[in-house]
Structures are given as structure tokens and as C-alpha cells.
Chemist: 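Provided herewith is a single structure, encoded as C-alpha cells, for subsequent inquiry.
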Amino acid sequence: MSIHNQKINSIMQFLGQYLHGKDEGLRLSLLTFFTRGHLLIEDLPGLGKTTLAIGIAKSLGLSFGRIQCTNDLLPTDVTGLSVFNKDTSRFEFQPGPIFHNIVLVDEINRATPKTQSALLEAMGEKQVTVEGITHKLPSPFFVIATQNPLDQFGTFPLPESQLDRFMMKISLGYPGREAERIILKGGSRRSDLYGIEPMTALEEILETQKEIETDVDLSDTMMDYILDIADATRGSKFLRAGLSTRATLFMTRLARANAWFQGRDYVIPEDIKELCTNIITHRVLFSDEFTGQSRENFIKALVDEVEIPV
């Protein structure tokens with residue numbers, strides 16, 4: 001879909017100078033951010049995931065943190081821990097890298113399940129609890145996690161409960177030939193992003209997130225369409241588990257944001273349908289009988305069979 005919201009268009013055009021050929025990935029990332037969700041990107045290394053995360057953070061004037069996951073990363077390396085201060089003779093909490101507005105969790109499936117679980121409370125509750133004390137995370141709080149394909153060496157599959165917390169899963173993919181030619185001619189411009197001027201203020205971002213939630217109408221007809229899609233996943237013989245209620249809630253929020261990006265204050269079926277594969281594929285469980293086609297194509301065909309409301 002094209003974008004008809006001037007504010008989003010400006011951000012897209014600006015970041016497009018640094019992310020050649022990644023317009024769709026950038027649009028889906030901004031949709032997730034302005035819907036207060038979290039994003040999972042599955043891709044091979046070297047395709048622009050880090051540049052995307054830094055670009056969004058710097059263009060919006062937000063703090064940025066990065067966690068490089070390895071199999072010896074500890075939960076406290078994510079959340080922080082208390083350290084004894086000999087000057088005050090007291091233990092003082094030292095915040096970990098999760099205490100930023102936008103956090104890139106790189107190669108999340110190289111961390112052990114114990115460390116992956118440390119992210120659950122942060123992503124779900126926007127807070128972390130360390131040594132019995134709860135610490136609120138900054139607002140807005142947006143996790144962009146990257147995942148290597150599961151057939152790569154040294155990976156730990158994410159549990160279903162954690163996958164369900166990611167509003168969407170996307171893939172940036174390879175740039176087109178002409179976009180890659182531009183990159184080769186100009187070289188990497190990632191370091192330039194650290195010096196750019198923010199395009200918006202924190203108050204404006206929070207106001208926009210609230211406006212999407214409250215000012216975009218989602219009618220009962222559109223609600224029924226979402227429920228029909230959920231029922232289709234729950235009744236398919238090729239799926240062991242369909243969409244959760246959290247997923248349908250995410251669909252309503254993303255549909256509103258998608259409409260707002262198009263300059264509308266009401267949701268139409270296309271706002272819902274075009275995001276379904278990014279919302280559904282990573283959170284449903286496929287049965288052993290499922291063979292012969294890609295999971296994305298199956299979900300797309302499943303959604304196509306659901307009657308579109310007039």
C-alpha cells in the first residue's frame with residue numbers, strides 16, 4: 001500500500017536515503033512502532049537490520065540500545081543488576097541495555113531459553129524485575145529482535161509464548177539490483193545516522209500513538225472479519241493451534257495504524273488482510289500433516305478463503 005500520511009511519508013523518504021530498497025520493511029517497522037508493538041525480523045546477516053533500527057531511533061529522537069545475543073549471555077546482561085558502591089556502602093541498581101526506547105536484540109535465537117525469558121516481562125509489561133524490585137522501562141519502548149534461520153548452527157528456537165509477543169514478523173530480504181548498485185557506489189552510511197537531527201519530538205510520538213488508538217474507527221463489521229480469520233486458523237486441520245486472543249488484539253491495533261498511515265480515520269478490509277501473513281505465520285502451530293508449500297503461502301490462501309465484508 002502507498003502511504004498518504006504526510007508525517008510518515010517524511011520519515012520514510014528521509015530514511016530511504018540510508019535504507020535503499022527496504023521501503024516495505026521500513027513501513028512495517030513503523031506500523032509496529034506506532035502501534036506500541038514489538039517486531040521480529042528473520043533474515044540472514046548483512047541485510048540492513050541494524051541500520052533500520054538505528055535509523056528509526058535517531059530519526060524519531062529516541063534512545064537506542066543494542067544487545068548482541070550469544071549462548072553465554074546472562075539475564076542480568078539484559079536487565080542490569082545491583083552493584084556495591086563502596087563510597088555509599090550500598091548496592092545500587094545499574095540498568096542494563098534494555099533501558100532504552102528502542103532496543104535491538106540481535107540474533108535473539110542464539111541466546112539460551114533462560115535469557116530469552118528475561119525479555120518476556122520487558123516486552124509484555126514494559127518493566128523488569130531484578131532482585132525483587134520492579135523497574136519501569138522508558139516510554140515508548142520498542143524491541144526489534146533479529147532471528148537467524150533455525151537451520152543455522154548454534155540457534156535455540158523461540159518458545160511459542162515469546163513468539164506470540166511479537167506483533168509482526170518480517171523479512172527485509174535482498175535489495176533489488178539497482179538499490180544494491182547505489183549501496184555499492186556510496187558505501188555504508190550507517191555512521192551518518194548518529195549525527196542526524198530528530199524529525200519529531202517525544203510528545204508528538206506519544207500523541208500519535210494515542211491518536212491511532214482512539215481516533216480511528218474499527219466497526220463491528222471489521223471486528224467480525226478479524227474474528228472470522230481467527231476462526232479459520234483455529235478450525236484448520238493443518239494447524240495444531242490457531243490465533244490467540246493477544247493476536248486478534250494486535251490485528252485490531254495494526255488495522256487502525258494501517259488506516260491512519262493511509263490518511264483515513266476508519267478501517268477497511270484491506271487494512272487487515274494485507275498484514276495477515278506478517279501477523280499470523282509465526283504464532284500458529286502447524287500440524288504434522290502440513291507439507292508441500294511455504295507457510296506464508298498457506299496462511300495467505302487460508303485468509304483468501306475468508307469472505308471479505310462488503
Chemist: What are the two closest heavy atoms between E131 and S82, and how far apart are they?
Modeler: OE1-OG, 2.6 Å
Chemist: Using the rule given for side-chain contact (heavy atoms from CB on, under 4.5 Å), can you reason through Y174 versus E180, listing the C-alpha separation, both sets of side-chain angles and the distance that settles it, and then say yes or no?
Modeler: CA-CA 9 Å; Y174 295 109; E180 192 160 8; 5.7 Å; no
Chemist: Please check: side-chain N/O of Q68 versus main-chain N/O of E107, any donor-acceptor pairing under 3.5 Å?
Modeler: no
Chemist: Between E213 and K210, is a salt bridge (Lys or Arg N to Asp or Glu O under 4.0 Å) present by the stated rule, with each step listed?
Modeler: CA-CA 5 Å; E213 279 182 3; K210 186 176 180 182; over 6 Å; no
Chemist: Roughly how far, to the nearest 0.5 Å, is SG of C69 from CD of Q147?
Modeler: 11.0 Å
Chemist: Measure the shortest side-chain to side-chain distance between T281 and K169 over non-hydrogen atoms and say whether it is less than 4.5 angstrom.
Modeler: no
Chemist: Can you name the nearest heavy-atom pair linking V103 to I98, along with the distance?
Modeler: CG2-O, 3.6 Å
Chemist: So, do F261 and F34 sit near enough that their side-chain heavy atoms are less than 4.5 Å apart?
Modeler: yes
Chemist: Can you measure from OH (Y18) to CG (L26) and round to the nearest 0.5 angstrom?
Modeler: 13.0 Å
Chemist: Considering non-hydrogen atoms only, spot the tightest contact between D106 and T146 and give its length.
Modeler: OD1-OG1, 2.6 Å
Chemist: Does one hydrophobic cluster hold both F14 and L31, with members joined at side-chain heavy-atom distances below 4.5 Å?
Modeler: yes
Chemist: A side-chain contact here means heavy atoms from C-beta on lying under 4.5 Å apart; do Q162 and Q116 qualify?
Modeler: yes
Chemist: List the atom of I279, the atom of A247, and the distance in Å for their closest heavy-atom pair.
Modeler: CG2-O, 4.4 Å
Chemist: When you look at D217 and D265, which way does the side-chain contact (heavy atoms from CB on, under 4.5 Å) test go after all the steps?
Modeler: CA-CA 6 Å; D217 181 59; D265 62 358; over 6 Å; no
Chemist: Do M12 and I182 share a hydrophobic cluster (ILVMFWY, side-chain heavy atoms under 4.5 Å, transitive)?
Modeler: no
Chemist: If two hydrophobic side chains count as joined below 4.5 Å and joins carry through other members, does L206 share a cluster with L62?
Modeler: yes
Chemist: For residues A255 and I272, report the shortest heavy-atom separation together with the two atoms involved.
Modeler: CB-CG1, 3.7 Å
Chemist: With a 6.0 Å cut-off (strictly less than), is the heavy-atom count around CZ of F93, excluding the residue itself, greater than 12?
Modeler: yes
Chemist: Is there side-chain contact between S10 and M199, with at least one heavy-atom pair below 4.5 Å?
Modeler: yes
Chemist: Taking the side chain as C-beta and beyond, is there a heavy-atom pair between L172 and L19 under 4.5 Å?
Modeler: no
Chemist: Pair up each side-chain donor or acceptor in residues 46-59 with any protein partner under 3.5 Å, not counting sequence neighbours, and list the distances.
Modeler:
{"from": "K49", "atom 1": "NZ", "to": "L44", "atom 2": "O", "distance (Å)": "2.8"}
{"from": "T51", "atom 1": "OG1", "to": "R190", "atom 2": "NE", "distance (Å)": "3.2"}
{"from": "S59", "atom 1": "OG", "to": "G55", "atom 2": "O", "distance (Å)": "2.8"}
{"from": "S59", "atom 1": "OG", "to": "I56", "atom 2": "O", "distance (Å)": "3.2"}

Chemist: Which is it for D77 and I67 under the side-chain contact (heavy atoms from CB on, under 4.5 Å) test, yes or no, and what are the steps along the way?
Modeler: CA-CA 9 Å; D77 293 331; I67 301 168; over 6 Å; no
Chemist: Main chain of L73, side chain of T115: is a donor-acceptor contact present, judged purely on distance under 3.5 Å?
Modeler: yes
Chemist: Say you draw a straight line from CG of L39 to OG1 of T32; how long is it, rounded to the nearest 0.5 Å?
Modeler: 4.5 Å
Chemist: Working to the nearest 0.5 Å, report the span between CD1 of I170 and CD of E42.
Modeler: 11.5 Å
Chemist: Looking at Y266, I'd like to know if its OH atom is crowded, meaning that more than 12 non-hydrogen atoms belonging to other residues, nucleotides or ligands lie closer than 6.0 Å.
Modeler: no
Chemist: Please round to the nearest 0.5 Å and tell me the distance separating atom CD1 of I108 and atom CG of L119.
Modeler: 5.0 Å
Chemist: Can any side-chain N or O of R283 pair as donor or acceptor with the backbone N or O of D164 at less than 3.5 Å?
Modeler: yes
Chemist: Any chain of hydrophobic side-chain contacts (each under 4.5 Å) joining Y194 to L104?
Modeler: yes
Chemist: Quick check against the 3.5 Å criterion: does D43 have a side-chain atom that pairs as donor or acceptor with the backbone of S171?
Modeler: no
Chemist: Is a side-chain donor or acceptor of R253 paired with a backbone partner of L249 at a separation under 3.5 angstrom?
Modeler: no
Chemist: Is a side-chain donor or acceptor of T248 paired with a backbone partner of T245 at a separation under 3.5 angstrom?
Modeler: yes
Chemist: Kindly indicate whether the side chain of T134, heavy atoms from C-beta on, has any atom under 4.5 Å from the side chain of E125.
Modeler: no
Chemist: Any donor-acceptor pair under 3.5 Å linking the side-chain atoms of N71 with those of T112?
Modeler: no
Chemist: When the aromatic ring centroids of F166 and H282 are compared, is their separation below 6.0 Å?
Modeler: no
Chemist: Determine whether M222 and P309 make a side-chain contact, defined as any pair of heavy atoms from C-beta on separated by less than 4.5 Å.
Modeler: yes
Chemist: Ignoring hydrogens and angles, tell me if any N or O in the side chain of R256 forms a donor-acceptor pair with the backbone of V216 under 3.5 Å.
Modeler: yes
Chemist: Over all heavy atoms of both residues, which pair between M251 and C276 is shortest? Give the atoms and the distance, please.
Modeler: CE-SG, 3.8 Å
Chemist: Give a yes-or-no answer on whether the side chains of K7 and T200 include a donor-acceptor pair shorter than 3.5 Å.
Modeler: no
Chemist: Return yes if some donor-acceptor pair links the side-chain N/O of T35 with the main-chain N/O of G37 below 3.5 Å, else return no.
Modeler: no
Chemist: Once the angle between the rings of F142 and H38 is folded into 0 to 90°, is it parallel (under 30°), tilted (30 to 60°) or perpendicular (over 60°)?
Modeler: parallel
Chemist: Any chance you could lay out the side-chain contact (heavy atoms from CB on, under 4.5 Å) test for R90 and N85, step after step, and finish with the verdict?
Modeler: CA-CA 5 Å; R90 298 176 57 187; N85 184 331; 5.7 Å; no
Chemist: Less than 3.5 Å apart, any donor N or O on the side chain of D271 or Q262 sitting next to an acceptor on the other?
Modeler: no
Chemist: For atom NZ of K126, decide whether the heavy atoms of other residues, nucleotides or ligands shown that lie under 6.0 angstrom number more than 12.
Modeler: yes
Chemist: Linking Ile, Leu, Val, Met, Phe, Trp and Tyr through side-chain heavy atoms less than 4.5 Å apart, which residues share a cluster with I183?
Modeler: none
Chemist: Are I229 and L285 connected, step by step, through hydrophobic side chains (Ile, Leu, Val, Met, Phe, Trp, Tyr) whose heavy atoms are closer than 4.5 Å?
Modeler: no
Chemist: With a 4.0 Å cut-off on N to O distance, would you call R27 and E24 a salt bridge?
Modeler: yes
Chemist: Do L202 and P140 have side chains that get closer than 4.5 Å, going by heavy atoms?
Modeler: yes
Chemist: When the side chains of residues 297-307 are checked against the rest of the protein, which donor-acceptor pairs come out under 3.5 Å, sequence neighbours left out?
Modeler:
{"from": "N297", "atom 1": "ND2", "to": "S294", "atom 2": "OG", "distance (Å)": "3.1"}
{"from": "D304", "atom 1": "OD1", "to": "K273", "atom 2": "NZ", "distance (Å)": "3.1"}

Chemist: In Å and rounded to the nearest 0.5 Å, what is the CZ to CE distance from R36 to M167?
Modeler: 10.0 Å
